Amino acid sequence: MSIRTRFAPSPTGYLHIGGVRTALFNWLLTRHLGGQFILRIDDTDSERNRPEALQPILDGFRWLGIQWDEGPEVGGPVGPYFQSQRLESYREQAMNLLKQGLAYPDYLSKEELDAERKRAEKAKRAYIHRGPLRDLPPGEGYERYLQQPTAIRFRVPDDQTVIIPDAICGHCEQKSDLISDPVILRIDGSPIYNFASVIDDIAMKITHVVRAREHLTNTFTQMLMFSALGASIPVMAHVPVVNEPKSKKKLSKRDMKKFVTSEISDKLQAIGYTPEQIEARDDLNPATVAFYRELGYLPAGLINYLGRLGWSLDDKSELIPLDQMIAHFSLERVNSSSASFDPDKLYWVNGEYMRQVPTAEKVKMGIPYLHRAGWLPETPSDSQVALLTRIIEACGDRIKLYSDVLQFCPPFFMAELVYDPKAVEKRLLKIGARDHLQAFLKILTDTNDWVAANLDKVLHDYCTAQNIKPGEMVHPLRAATTGREIGFGLFDTLEILGKSVTLQRIQQTLNKFNL
RNA sequence: GGCCCUGUCGUCUAGAGGUCUAGGACACAGCCCUUUCAAGGCUGCGACACGGGUUCGAAUCCCGUCAGGGUCACCA
């Protein structure tokens, strides 16, 4: 079976985490069953539409490897894929319904509608609009419309039960008497989303509509429209909403700025963004894909995490490679309740994927961060790359995100050592630190086999002779040579630093702190 | 408020009447390893929203209550 799914974002300037999860499910379904995943741009709302706001969305998908088979920049047989370029078809279909009496012109003013709405609210019942002209004989509505164009409403049939056999939610039903007659064409002739979406789904031969749960209520109306247009109804699947971390509230597209906490802002500043830049960019927050890309997350990590949010393979799989996800994805195993986005778990998943990344790739992806922080030129020399490679090898699994290079590399690129006050306090100003550093400095001066294994041996020999624990030497030495108390293995550190820098830094530390 | 949907550890989830004194993962706590950090190993903490049915038996089916969410635009 060949299926067709679609994702229909409006050009907002960023790819939202919740949206991309929905898109991922669509994409996985087509890759699993075989078929096409279509990207269609919902830009019918001219007020909100910004043409330049599409690129970040396409970039985001490309980065994640979610390739669309038809849509912007790739074209396809049922284009155009921008709703703003399909206006004629919506109009045509609306006229069609109008002629058949399945839609009708509505001349009520905004004030009249508001009054009606208020009345309904006061009576504590839902506002269900029924225009005065809804029962005009077929043809007459069309005539009236031609004489005096106005908004067109879809005529919801009376006394029907609309059933959505939803692939995720199961059986959902609604009485048609409780469904308002929706506007399908505005007074200016432009279509409303609900209608355009149906027209396009039919025109684009969409077989599976997989979209967010917040559209479920709309779907009752759309079911009626599919029928009125004589089209068969696609498989409907409404994926549950993604909630804010540790919350039951939807991870909203509105007000994303609130996710930029001081902690998040610190993270962004650590990778080189100024507070002004953070403030200016509305896509730099944890609700967007761009944010994770900036911090050096892996596409595969994000995909795995998002795929497991609301969907599961079995009772224990957490790390599911993409080919496995594709091989086993099904709507039946999508949960029907909403799920909270968990940054901690995403971080863990990413770390697991990062272990598979070859050193050379970490070097390549780490350079831009080091460049922005001023530690390396944009194109480092061969020797700088060689040095970075040794550092990253020594880091092992400590790098969970590409931006983590900033936590481990700087001491090796500094001309003048910067000391963390805590390291000085805890590791250098301790009784005995000075004597041991001085004594060991002499030993190191005489050490010529400058490799980690030998340095390890030399230090342990010293400790045995002095009858002290290795920790008493390791900690002051790390602080004296890197200015920090945290880092990877000390002997790797000393080896990479090299003999002359090591000796010089120890001496300098002794002088500086008057030890 | 009307309508629609949902309710298993803090979070993501497994669970399709007996194999559930409810399994896994993240997080958290403790211990081990150790050279700090990370990793690893072990242990612990921790949930079927509540109340009624149906049944020999219910996390699983039914009803009600409560709670949460979504939606009620000439937005998408």
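Predicted, not measured: the structure shown is a model, and the values here were computed from it.
Rounded to whole Å, atom P of B:U34 lies 21 Å from atom CD of A:Glu485. To the nearest angstrom, P of B:A76 lies 15 Å from CG of A:Asp201. Look at NZ on A:Lys250: it is 10 Å from C1' on B:G69, rounded to the nearest Å. Rounding to whole angstrom units, CD1 of residue A:Ile184 and P of B:C74 are separated by 13 Å.
With both ends at atom P, the span from B:G30 to B:C37 equals 13 Å, rounded to whole Å. Going from the C1' atom of B:G7 to that of B:G15 covers 15 Å, rounded to whole Å. Taking the P atoms as reference points, B:G40 lies 9 Å from B:A27, given to the whole Å.
Taking every heavy atom of residues 346-357 of chain A and every atom of RNA chain B, pairs under 4.0 Å involve A:Trp348, A:Arg355, by number. Interface residues of residues 454-480 of chain A facing RNA chain B, ordered by number: A:Val474, A:His475, A:Arg478; criterion, heavy-atom separation under 4.0 Å.
Take A:His475 and apply the ring-ring contact (aromatic ring centres under 6.0 Å, His included) test, not counting sequence neighbours, and it matches no residue. Under the ring-ring contact (aromatic ring centres under 6.0 Å, His included) criterion, A:Tyr193 pairs with A:His215, sequence neighbours left out. The ring-ring contact (aromatic ring centres under 6.0 Å, His included) test applied to A:Tyr14 returns no partner, not counting sequence neighbours. Contacts of A:Asp404 classified as side chain to side chain contact (heavy atoms under 4.5 Å, CB included), with partners at least two apart in sequence or in another chain: A:Tyr347, A:Ile399, A:Lys400, A:Leu401, A:Gln407. Qualifying side-chain hydrogen bond (donor to acceptor under 3.5 Å, both in side chains) partners for A:Asp314, counting only residues two or more places apart in sequence or in other chains: A:Ser317. A:Ser338 meets the side-chain hydrogen bond (donor to acceptor under 3.5 Å, both in side chains) test with A:Asn243; sequence neighbours excluded. Partners of A:Phe408 under the ring-ring contact (aromatic ring centres under 6.0 Å, His included) rule, at least two apart in sequence or in another chain, do not exist in this structure.
Residues A:Arg484 and A:Asp420 are not paired through a salt bridge, judged by the lack of any N-O separation under 4.0 Å between the basic side chain and the carboxylate. No salt bridge links A:Lys246 with A:Asp344; every basic N to acidic carboxylate O contact stays at or beyond 4.0 Å. Using a 4.0 Å cut-off between charged side-chain N and carboxylate O, A:Lys430 and A:Glu472 make no salt bridge. A:Arg134 and A:Asp158 are joined by a salt bridge, as a carboxylate oxygen and a charged side-chain nitrogen come within less than 4.0 angstrom of each other.
Figure legend. B:U19 is base-paired to no nucleotide; pairs are counted as Watson-Crick or G-U wobble with both atom distances under 3.5 Å. When Watson-Crick and G-U wobble pairs are counted only if both distances are under 3.5 Å, B:G40 pairs with B:C32.
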Can you give one letter per nucleotide of nucleotides 3-22 of chain B, going 5' to 3': B for a protein heavy atom under 4.0 Å from the base, S for sugar-phosphate only, - for none? SSSS---SSBSSS-------
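The closest donor-acceptor contact from the side chain of A:Arg186 to the backbone of A:Pro191 lies under 3.5 Å.
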Solution key, residues 162-174 of chain A side-chain donor-acceptor pairs under 3.5 Å, sequence neighbours excluded:
residue	atom	partner	partner atom	Å
A:Asp166	OD1	A:Ile168	N	2.8
A:Asp166	OD1	A:Cys169	N	2.8
A:Asp166	OD1	A:His238	N	3.2
A:Asp166	OD2	A:His238	N	3.2
A:Asp166	OD2	A:His238	ND1	2.6
A:His171	NE2	A:Glu173	OE1	2.9

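When each of B:A76, B:C26, B:A39 is scored by its nearest atom to the side-chain atoms of A:Lys400, the top-ranked nucleotide is B:A39.
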Using a cut-off of under 3.5 Å, enumerate the N/O to N/O pairs linking the protein to nucleotides 42-48 of chain B.
none

For A:Arg427 and A:Glu485: C-alpha separation, side-chain torsions, deciding distance, then whether salt bridge (Lys or Arg N to Asp or Glu O under 4.0 Å) applies. CA-CA 7 Å; A:Arg427 305 304 190 188; A:Glu485 51 174 340; 3.7 Å; yes
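Among the heavy atoms of the strands lying under 4.0 Å from A:Phe488 is at least one base atom, whether or not backbone atoms are also near. Within the nucleic acid shown, A:Glu214 comes within 4.0 Å of sugar-phosphate atoms alone, with no base atom in reach, counting heavy atoms only.
Nearest-nucleotide positions on RNA chain B place A:Gly489 closer to the 5' end than the other of A:Gly489 and A:Tyr193.
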